[in-house]
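Residue numbers begin at 1 in each chain, while the letters A, B, ... track the order of the sequences. Note that this is a predicted model, so its numbers are computed, not measured.
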Amino acid sequence: MNYWLLKSEPHTFGIADLDSAPNQTTSWEGVRNYQARNFLRDDFRLGDQAFFYHSGIAAPAIVGIVEVIREGYPDATAFDPVSPYYDPASTPANPRWHRVDVRLVRHLRRAISLAELKRRAAMLEDFALLRRGSRLSVLPVSAAQWAFILALESAPSA
DNA sequence: GCCAACGTTGGC
DNA sequence: GCCAACGTTGGC
């Protein structure tokens, strides 16, 4: 069982969109970074859980939890010339990009902001999200980091 | 294989 | 809107 963090801009696809999606399920598509692709393609397993993180806003934060319900498979948006994620170098015979499917588990009872995570950085040794300049949209989370962040949910904001 | 130019991400 | 970080591209 692995843990992850998935970033999304709420203007594009936020947790509210996942709420209203059929079966509260979505394809995590459009990832166009090789390191993130490798995680999706090679390391995501059925039943893995991920934090749903809102980026690109005034107060970026972890807002929910999703579960992997389908392991990595080719991202067909790369084959579609009309898609914003189109990549002519990716073909059905030789797909370059992969996606997974995830389902909403639940919202967090309160958002855990990036600012709060930074204040707790000492307890989150080497948390990928806090590494200098980490812009990866798919990040691994250790079991210890996962448990620590979930415990924050029940603690007063600090 | 090096490296400068460029584009994107994402916090602030 | 700005800027730092950093991945990608392409000339050489």
- Message: So, using side chain to side chain donor-acceptor pair (under 3.5 Å) as the criterion, who are the partners of A:D19 when residues are at least two apart?
- Response: A:H107
- Note on the structure: Residues of residues 81-91 of chain A with a heavy atom under 4.0 Å from any atom of DNA chain B, listed by number, are none
- Item | Contact list for residues 42-58 of chain A, test salt bridge (Lys or Arg N to Asp or Glu O under 4.0 Å), sequence neighbours left out | A:R45-A:E71
- Message: Rounded to whole Å, how long is the line connecting atom CG of A:L5 with atom P of B:dG10?
- Response: 11 Å
- Note on the structure: Between NZ of A:K118 and P of B:dG10 the distance, given in whole Å, is 13 Å
- Task: Find the distance A:H11:NE2 to B:dG11:P and express it as a whole number of Å.
- Result: 12 Å
- Which letter, B, S or -, goes with each nucleotide of nucleotides 1-8 of chain B from 5' to 3', with contact meaning a protein heavy atom under 4.0 Å? -------B
- Query: B:dG10 P sits how many Å from A:I57 CD1, rounded?
  - Reply: 12 Å
- Backbone of A:G14 reached by a side-chain donor or acceptor of A:D17 within 3.5 Å: yes
- Nearest-angstrom distance from the residue atom CD1 of A:I62 to C1' of B:dG11: 15 Å
- Roughly how many Å is it from NE2 in A:H54 to P in B:dG10, rounded to a whole number? 13 Å
- Task: Under the side chain to side chain donor-acceptor pair (under 3.5 Å) rule, collect the residues that match up with A:S20, sequence neighbours excluded.
- Result: none
- Task: Verify the cluster assignment for A:I15 and A:V105: are they in a single hydrophobic cluster under the rule of side-chain heavy atoms below 4.5 Å apart?
- Result: yes
- Residue pairs passing the ring pair (Phe, Tyr, Trp, His ring centres under 6.0 Å) test with at least one member in residues 71-92 of chain A, sequence neighbours excluded, are none
- Message: Using whole Å, what does the distance between atom P of nucleotide B:dG11 and atom CG of A:L129 come to?
- Response: 8 Å
- side chain to side chain donor-acceptor pair (under 3.5 Å) partners for A:T77, two or more places apart: A:R32, A:D75
- Task: Would you please confirm or rule out a distance under 4.0 Å between OP1 or OP2 of B:dG11 and any side-chain N or O of A:Y53?
- Result: yes
- Please state whether the phosphate of B:dG10, meaning OP1 or OP2, lies under 4.0 angstrom from any side-chain nitrogen or oxygen of A:K7. yes
- Query: For A:F44, what residues pass the ring-ring contact (aromatic ring centres under 6.0 Å, His included) criterion, not counting sequence neighbours?
  - Reply: A:W4
- Connected hydrophobic set around A:Y34, excluding itself, where side chains approach under 4.5 Å: A:W97
- In whole angstroms, how far is the P atom of B:dC12 from the CD atom of A:E116? 14 Å
